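Because only heavy atoms are used, hydrogens play no part in the values below, and waters and symmetry mates are left out as well, while side chains stay in. What you are looking at is a predicted structure, and each value in this text was computed from that prediction instead of being measured. Counting convention: from 1, in listed order, for ligands and their atoms alike.
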Amino acid sequence: MSAVIIDGKLIAREVREMVKDQIEVNNLSPTLAVILVGDDPASHVYVGNKIRACAEVGIESIERKLPAAATEKDIAKIIDTLNADTNIDGILMQLPLPEHLSDVQESLVQRIAPEKDVDGLTVANAGKLFLGEKDGLVPCTPQGSLHLIHSVTKDLSGKHAVVIGRSNLFGKPMAQLLLQENCTVTMAHSRTKNLDTVCKDADILVAAVGRPKMIKADWVKDGAVVIDVGINRLEDGTLCGDIDYDEVKNIASAITPVPGGVGPMTISCLMQNTLRAHQAK
Ligand code: NAP
């Protein structure tokens with residue numbers, strides 16, 4: 001069997017079109033503020049992509065750039081100003097912050113007003129997701145991953161979902177979303193024993209580890225839906241996921257490629273979250 005290749009680029013474009021239509025039809029003017037600290041080239045590329053996506057869908061964006069030497073106080077001041085600015089609907093602080101701020105990164109994230117927290121990382125939004133309250137902002141990558149799963153399987157009820165990785169950014173919210181879909185959810189991590197056996201029982205397998213091609217074909221159940229969140233750069237410069245794609249695509253019923261799978265969904269869901277934050281005002 002050869003798997004359906006889930007086209008994340010196409011589905012992400014459809015989501016962006018929907019956001020664009022809603023903005024145009026309802027004559028809305030959402031605004032996203034992006035805070036970028038330091039000179040990390042990857043962060044600059046990510047922020048550039050987000051700003052471009054905003055322009056594409058009709059979301060106004062403003063950038064607040066700070067030098068790598070910025071202090072906690074400098075960033076806190078900017079967050080407070082953006083929190084108080086009624087024209088700003090969403091605030092995104094590009095992570096990670098420079099190394100010298102790693103100890104205060106979490107407290108700065110928590111300083112963002114929950115109703116503007118379009119990354120869904122504040123305690124208030126994580127709590128709402130945990131309690132099943134629908135009016136919170138959900139982290140973008142798990143939200144996008146669920147959308148991709150739904151593109152091939154509408155009813156997830158009773159399915160066994162295995163999520164590998166338990167980060168606050170991805171694994172934990174992904175597990176909560178799947179639980180809300182009435183999946184039986186197993187969360188796996190670095191201390192999980194017999195991970196291959198755990199994976200082999202998954203109807204839906206979601207990998208967010210950061211280890212190239214770690215999940216082999218004989219770990220995957222025939223017909224499973226496989227979502228690859230990992231982004232790994234190989235020595236030859238190419239990107240790959242956590243799934244051994246070339247092998248697993250012959251076992252799975254559907255699979256996301258890397259690149260072109262989950263990645264593009266993240267930005268589209270950011271657009272969606274910014275629109276939601278604007279509409280909830
Ligand atoms: P993270 O915070 O580093 O978490 C990695 C998780 O993997 C941890 O829970 C860790 O377990 C687990 N893990 C590590 N080694 C393992 C092993 N041998 N077996 C089983 N589990 C293992 O990473 P993250 O932020 O969630 O990101 C994970 C990957 O997804 C990265 O490649 C990242 O680049 C990618 N990502 C992509 C997007 C996107 O837009 N496509 C967005 C976010 C993340 P412990 O908790 O026990 O340490």
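- In this structure, D242 does not pair ionically with K213, as no charged nitrogen and carboxylate oxygen lie closer than 4.0 Å.
- Taking a cut-off of under 4.0 Å to the non-hydrogen atoms of V229, the atoms of ligand 1 that pass are 30 (O), 35 (C), 36 (N), 37 (C), 41 (N).
- At least one N/O-N/O distance between S190 and ligand 1 falls below 3.5 Å.
- Under a 4.0 angstrom heavy-atom cut-off, A188 registers as lying outside contact with ligand 1.
- Nearest residue to atom 12 (C) of ligand 1 from G165, G261, S167 is G165 (criterion: closest heavy atom).
- Looking only at atom types and distance, the side chain of N26 has no donor-acceptor partner in the side chain of Q279 under 3.5 Å away.
- Set against the non-hydrogen atoms of L195, the atoms of ligand 1 under 4.0 Å away are 19 (N), 20 (C).
- Around atom 27 (O) of ligand 1, the closest heavy atom drawn from A208, C140, S145 belongs to A208.
- The distance from ligand 1 to the heavy atoms of T141 drops below 4.0 Å at these ligand atoms: 38 (C), 39 (C), 40 (O), 42 (C).
- Within the set R166, M187, M265, K172, the minimum heavy-atom distance to atom 9 (O) of ligand 1 is found for R166.
- The distance criterion of under 3.5 Å between nitrogen or oxygen atoms is not met by N232 with respect to ligand 1.
- A salt bridge links K281 with D89: the distance from a Lys NZ or Arg NE/NH1/NH2 to an Asp or Glu carboxylate oxygen falls below 4.0 Å.
- In summary, the atoms of ligand 1 found under 4.0 Å from a heavy atom of M214, numbered by their order in the structure, are 17 (C), 18 (N), 19 (N), 20 (C).
- A donor and an acceptor atom, one from each side chain of H160 and D203, are nowhere located under 3.5 Å apart.
- Near G263, meaning under 4.0 Å from one of its heavy atoms, ligand 1 places the atoms 41 (N).
- Residue G171 places every heavy atom at 4.0 Å or more from ligand 1.
- The closest heavy-atom contact to atom 13 (N) of ligand 1, among the options T192, V209, L239, comes from V209.
- Less than 4.0 angstrom separates some heavy atom of G210 from each of these atoms of ligand 1: 29 (C), 31 (C), 32 (O).
- Taking all heavy atoms of I231, N168, I164 into account, the minimum distance to atom 33 (C) of ligand 1 is reached by I231.
- In this structure, R16 pairs ionically with E56, as a charged nitrogen and a carboxylate oxygen lie closer than 4.0 Å.
- Residues E181 and H150 have side chains that bring a donor and an acceptor to within less than 3.5 angstrom of each other.
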